[in-house]
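Okay, structure first, notes after.
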Amino acid sequence: MLRLLSIAPRTCSYRATAAPAFNAARFRFQSTYTIPQTQKAVVFETNGGPLEYRDIPVPKAKPNEILVNIKYSGVCHTDLHAWKGDWDLATKLPLVGGHEGAGVVVGLGENVVGWKLGDYAGVKWLNGSCMSCELCEEGHESNCGDADLSGYTHDGTFQQYCTADAIQAAKIPQGTDLAEVAPILCAGITVYKALKEASLKQGQWVAISGAGGGLGTLAVQYAKAMGFRVLAIDGGSDKGQLVKSLGAEEYIDFTTVPDVPKTAIEISGGGPHAVINVSVSPQAMQQSTEFVRKTGTVVLVGLPAGASINASVFETVAKCVTIKGSYVGNRADTREAIDFFVRGLVKSPIKIAGLSELPKIFQEMEAGNILGRYVVDTSY
Ligand code: NAD
Ligand code: ZN
């Protein structure tokens, strides 16, 4: 059975591309509100098919789930992959995408503990996992064979009301800016975990390849906050300016620099100690295996469809290079990544648009034109 809660009407609008500042008071609730039968969502029936902004039923929370009134959702490149269906992993269809949702708990399934109505909650890529297999037991929940994925196998956050497993949903402190925290729920957690996987020491160089995008702009800041020197790589002077303003010491523009590996080695005096690959370019990933420093670590995070890289056995052995994958993060990574954000060590470089504008955002993303992250407001 669901316990219901009310959400107050909006009293002000956000800063955004063209709006005023955040006011946490707008998400205060009243006790008489009833959850509507229908809501706005963006739905697609087939991969690559029309992205329809329309009314659909509000989902019901299962006994283990909370119902979250999503206020904002980040738009991740993974959402574009899910819509296109370009990975070797089928999505549910029809599908509501989205997996960087921030909102307010408005319903509790009967077995839920640890949440109350009115709490701020984050809906992540990993919506739920079995919690009893060896991988879950050891904190590798995202690798669980029964993982349920928001905006992929479970209707996600491009809707006003979304269900999430109470164990995996992220706790967000009351009063947090829900628009700005949204990208932390995938991009932030993912890059923070990837940086931990890189086994760096303070003062060492890390290259962020794809630094001007959604994951990259957060990776630059987490890396700086963790005490690493950042060499950012992306295309165009706008992205260069942005990543430098976020803490990158050096920037390589791959659209103008003829030999990226050589330049990366020169700038970092022998190659960066680690490379975090958050671009969607197989070529950039391949190059990172060539310019990483001896004994360094290449972390693969971006997921270009059908891509593979070739590592020379001789070079990998002789240089003692580690090449590894990193896939989102677990509950501890989530708590820590949110904590960096709440303490003001990491800011979200966001632009706000309406949920109905998702098709346009996908077009811009495909063209590689987005600086930082788009966040959609589910109210229009
Ligand atoms: P994005 O589109 O916001 O950013 C990608 C950036 O890569 C862009 O700024 C683009 O200009 C840059 N780029 C393109 N070619 C480049 C090159 N040759 N060298 C350097 N930079 C280049 O995408 P995003 O939302 O940050 O996601 C990036 C990738 O990460 C996607 O494939 C997404 O599916 C994947 N992802 C993986 C995980 C995980 O857990 N491993 C989690 C989230 C997203
Ligand atoms: Zn994502």
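Start at 1 and go down the list; that is how both ligands and their atoms are numbered.
- Listed by chain and number, C76, H77, T78, H81, W87, C186, T190, S209, G210, G212, G213, G214, L215, I233, D234, K239, F254, V278, S279, V280, S281, A284, V301, G302, L303, S326, Y327, V328, M365, R373 each place a non-hydrogen atom less than 4.0 angstrom from ligand 1.
- The Zn ion (ligand 2) forms the vertex of an angle spanning SG of C76 and SG of C186; to the nearest 10 degrees it equals 130°.
- Salt bridge D377/K71: absent, no basic N to carboxylate O contact under 4.0 Å.
- For K92 and D155, the salt-bridge test passes: some basic side-chain N is under 4.0 Å from an acidic carboxylate O.
- The cationic group of R343 lies under 6.0 Å from the six-membered ring centre of F340 and within 45° of the ring axis, placing it in a cation-pi geometry.
- A salt bridge links R331 with E141: the distance from a Lys NZ or Arg NE/NH1/NH2 to an Asp or Glu carboxylate oxygen falls below 4.0 Å.
- Of the charged side-chain nitrogens involved, none lies within less than 4.0 Å of a carboxylate oxygen, so that K224 and E249 do not count as a salt-bridged pair.
- In this structure a side-chain-to-backbone donor-acceptor pair under 3.5 Å is present from W83 to G49.
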